[in-house]
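Working notes, structure below.
In what follows, every heavy atom counts, from backbone to side chain, and hydrogens, waters and symmetry copies are set aside. So you know, we letter chains A, B, ... as the sequences are listed, proteins then strands, and number each from 1.
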There are 2 protein chains.
Amino acid sequence: MKPKATLKKISDKLQISISTVSRALKNHPDISEHTKQKVKELAELMDYEPNNYAISLRTNNSKVFCIMVPQISNLFYHSFISAVEEEARLYGFSLMILQSGGDPAIEIANLKICRQNRVAGIFVAIGTATIDIQPFLKMDDLDVPVIFFDKVPSFQACNKVCIADAKAATIAADVLLRNNKKNILGIFGDPEMSITKKRLDAFSQKIAEKGKSIQLKTKHALTAEAARKIVHKCLTPLQKIDAIFCMSDEILTGVMKAVQELKLKVPESIGIIAHSNGFIPNLYSPEISYVETSGHKLGKLAYNRMSACLSGSTFIQELTVESIYIEGGSL
Amino acid sequence: MKPKATLKKISDKLQISISTVSRALKNHPDISEHTKQKVKELAELMDYEPNNYAISLRTNNSKVFCIMVPQISNLFYHSFISAVEEEARLYGFSLMILQSGGDPAIEIANLKICRQNRVAGIFVAIGTATIDIQPFLKMDDLDVPVIFFDKVPSFQACNKVCIADAKAATIAADVLLRNNKKNILGIFGDPEMSITKKRLDAFSQKIAEKGKSIQLKTKHALTAEAARKIVHKCLTPLQKIDAIFCMSDEILTGVMKAVQELKLKVPESIGIIAHSNGFIPNLYSPEISYVETSGHKLGKLAYNRMSACLSGSTFIQELTVESIYIEGGSL
DNA sequence: AACATTTTCGCAAACGTTTGCGGCAAAGTA
DNA sequence: TACTTTGCCGCAAACGTTTGCGAAAATGTT
């Protein structure tokens, strides 16, 4: 794209120098009000738009963040992206979106794209298969803050923003206990992921605090379909499951599919509770009770952390978003 | 970000000129194989990454597309975005994401951001409130192709990529007729939008072809909640609705909420069919039959059109994605 | 009147690439 | 041997901004 107006064309027309035009548009105190007004009027008339490529080249300072997620088409990620975009635009930053498909090799290729575009900062949800995060840490050598979110590495010395996993799990367990559930099926995510481990540990501990009177069976599902099958397998006349905990929206969709297939009444025949951002739970009647794990809130918090990093904060932080319990009608 | 390696540093180390280094890295035929090899080895050793700002400034040619949607958090849009990202990365393009919230003023502000970033092309789903598309057409003056998708303006002379609205509606109507539905409730989207008009017209016409034996009641819902209320209002003992057509995923979620609230059996008590990308229909059991309106396919087609525009195609096109019927168990 | 200070503007280098064009040495040809 | 052609490389302008520093005119002070 080649717009017609440049600083040079404006300077030629006004018979002043390019640097005066540049400073006038930036409201530099050295430039008189009269000159500033002339310049701004003509810039508007000529539809002048500064060229961010020239600015970034000269100042060595881009105004672009990258968000790298396994898939954009994910309920949690796109609300995160939406929140970050809302904040970014307030500060004159743009967002570049890169998908990795959860493939470490594509993550590395994406980092290369980030270097080529001289991005100012990176928000990344790593894939389950990602073990080596050195490539991400090397971005710090280039003064590019990297904020890990959602699926964060277990490595300590990096900036992380995530749901308060243990607390969210504890809230869910508390709710089940308060509703006198005695035979609980907990379906968790990928056992390799730290968020799964943390939530499982916290959930189990809270249930165990009640002594032996509560039966907890835990399973892992990586897909909605896997969750659906687990429900079919576990909910038999011999196994008196009275409540199911779903660790994610995806698992919830599979569980609810099975519940409909088995023509179970919620909450009479089975209680349901999930970790969710609220969209899926509200599709059903009665509405599913859930512990809110909001991508949107995470996005806001992640943006704040990025701002702090860009403003010079060098200490590493792991920030968490607390969850709240939203009572539906499923328990 | 300031990476350490530049063409100059590489040239200093190898005692050759910057232009030789640049040409060697670009595999220019004037440069000997021996020199090319030396340069490439050192570039890799020094972690050289070209600076896209410098390249774009010099060549006046950016490699960034913008996608502008009302909200990222929309089932249709994020699958479109995902598809475009998959294509873009194959051709070395990056994606910038901008939300407009459906607000024409923010759309205009977003176009300004596009000009400042010298984007190579724009994919846009305009908001319902957007009437004046001149600001978008002015981007053509700057040689920036604009592809309207999904919510496209009725204005003729612009590139559009959308679902074959009439055909999708006709398919749905055909399916209802083939299933001998006699009292149909059709819930459509915003009556102001052209996609609604087209689908309503085609749907009504197909039903009307059957003469007076088929009763069709049509309603408009702008939200899931509005759709839910319509169902509560329309499904009374006095009104023998035997099937509901939902024009979008959002409408489907509201309809299904009401169906659950009314404890209606699908398909025994009520038949359901929707225009959908397939995610929502598969959450229910029996699965909802739907006419696939895939954001992913639209994204692929839109990218092809953008490539054609960038390669010099100057004629205006309106491309459509044909839909296919996916049979579930709801009819 | 002479000198000092302030106001307002301009010069040109710089950022990191690309690329038209020219130069030099080697190779080819008559 | 003399001239032509080819291979391979280098010079430096260009892109559109920013900005350190200096200059000239206006204003202030003694």
Side-chain angles (χ1 to χ4, degrees), chain A residues 1-40 42-43 46-64 92 115-120 142-143, chain B residues 1-40 42-43 46-64 92 115-120 142-143:
Chain A
M1 177 214 290
K2 194 173 185 62
K4 298 173 178 65
T6 60
L7 294 180
K8 177 150 180 56
K9 286 193 160 94
I10 294 173
S11 75
D12 285 346
K13 281 237 174 157
L14 293 178
Q15 296 276 302
I16 59 179
S17 75
I18 289 170
S19 56
T20 300
V21 177
S22 175
R23 288 192 168 101
L25 290 173
K26 290 291 173 43
N27 251 336
H28 195 280
D30 274 5
I31 308 301
S32 73
E33 291 307 316
H34 176 242
T35 300
K36 284 177 186 174
Q37 194 179 351
K38 283 195 304 179
V39 167
K40 287 175 181 175
L42 186 57
M46 294 176 72
D47 283 329
Y48 169 75
E49 290 296 347
N51 184 333
N52 282 1
Y53 290 98
I55 294 173
S56 296
L57 180 62
R58 182 56 187 75
T59 60
N60 185 43
N61 183 16
S62 90
K63 286 268 203 174
V64 176
R115 287 194 294 274
Q116 287 167 3
N117 284 282
R118 277 18 182 201
V119 301
L142 302 172
D143 287 332
Chain B
M1 181 215 287
K2 195 174 184 61
K4 298 174 179 64
T6 60
L7 294 180
K8 177 150 180 56
K9 288 195 161 95
I10 295 174
S11 76
D12 286 345
K13 281 238 176 155
L14 293 177
Q15 296 275 302
I16 60 179
S17 74
I18 290 171
S19 56
T20 299
V21 177
S22 175
R23 289 192 168 100
L25 291 174
K26 290 291 172 45
N27 251 336
H28 196 280
D30 274 6
I31 308 300
S32 74
E33 290 307 316
H34 175 241
T35 300
K36 283 177 185 173
Q37 192 179 352
K38 282 195 303 177
V39 167
K40 286 174 180 175
L42 186 57
M46 295 176 72
D47 283 329
Y48 169 75
E49 289 297 347
N51 184 332
N52 282 3
Y53 291 97
I55 295 173
S56 296
L57 180 62
R58 180 59 186 73
T59 60
N60 184 42
N61 183 17
S62 90
K63 287 267 202 173
V64 175
R115 287 195 292 276
Q116 288 168 1
N117 284 283
R118 274 27 178 196
V119 300
L142 302 172
D143 287 333

Nearest 0.5 Å, please: how far is [atom2] in [Y] from [atom1] in [X]?
X	Y	atom1	atom2	result
B:I31	B:E33	CD1	CD	10.5 Å
B:I10	B:L25	CD1	CG	6.0 Å
A:T35	A:D30	OG1	CG	11.5 Å

From [atom1] of [X] over to [atom2] of [N], roughly how many Å is that when rounded to an integer?
X	N	atom1	atom2	value
B:H28	C:dG20	NE2	C1'	10 Å
A:K9	D:dC15	NZ	P	9 Å
B:N51	D:dT17	CG	P	16 Å
A:K36	C:dT8	NZ	C1'	11 Å
B:I16	D:dC9	CD1	C1'	9 Å
B:L25	C:dG16	CG	C1'	13 Å
A:L7	D:dT19	CG	P	12 Å
B:K8	C:dA14	NZ	P	11 Å

>> When you measure only distances, ignoring hydrogens and angles, does the side chain of B:D30 come within 3.5 Å of the base of D:dC8 through a donor and an acceptor?
In response: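 A donor-acceptor contact between them is absent.
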> Does A:N60 get its side chain close enough to the base of C:dC15, under 3.5 Å, for a donor-acceptor pair?
Replying inline: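 Side chain to base: no pair below 3.5 Å.
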> Between B:T20 and B:Y53, which has a closest nucleotide on DNA chain C that is more 5'?
Replying inline: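 First, find each residue's nearest nucleotide; the 5'-ward one identifies B:Y53.
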Reckon [X] has a side-chain N or O less than 4.0 Å from the OP1 or OP2 of [N]?
X	N	result
B:T6	C:dC15	no
A:T35	C:dC9	yes
B:Y48	C:dT17	yes
A:S19	D:dT19	no
B:T59	C:dT18	no
B:S32	D:dC8	no

>> Classify A:I18 by what it touches in the nucleic acid, base, sugar-phosphate, or nothing, heavy-atom distance under 4.0 Å.
In response: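 Base contact.
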> What nucleic acid atoms does B:I31 come within less than 4.0 Å of, heavy atoms only: base, sugar-phosphate, or nothing?
Replying inline: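 Sugar-phosphate contact only - B:I31 comes under 4.0 Å of backbone atoms but never of a base.
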> Are there more than 12 heavy atoms of other residues, nucleotides or ligands under 6.0 Å from atom NZ of B:K13?
Replying inline: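 Not buried by this count: 12 neighbours or fewer within 6.0 Å.
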> Would you say B:S11's side chain and B:K8's backbone share a donor-acceptor pair under 3.5 angstrom?
Replying inline: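 Side chain of B:S11 to backbone of B:K8, a donor-acceptor pair under 3.5 Å: yes, one is there.
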>> Which residue in the set B:R58, B:R118, B:Q116 passes side-chain contact (heavy atoms from CB on, under 4.5 Å) when paired with A:Y53?
In response: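 The residue from B:R58, B:R118, B:Q116 that satisfies side-chain contact (heavy atoms from CB on, under 4.5 Å) with A:Y53 turns out to be B:R118.
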>> On DNA chain D, compare the nucleotides closest to B:A54 and A:R58; which residue's is nearer the 5' end?
In response: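 With B:A54 and A:R58 compared, the 5'-side residue is B:A54.
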> Toward the 5' end of DNA chain D, which comes first, B:R23 or A:L57, by nearest nucleotide?
Replying inline: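 Nearer the 5' end of the strand: B:R23.
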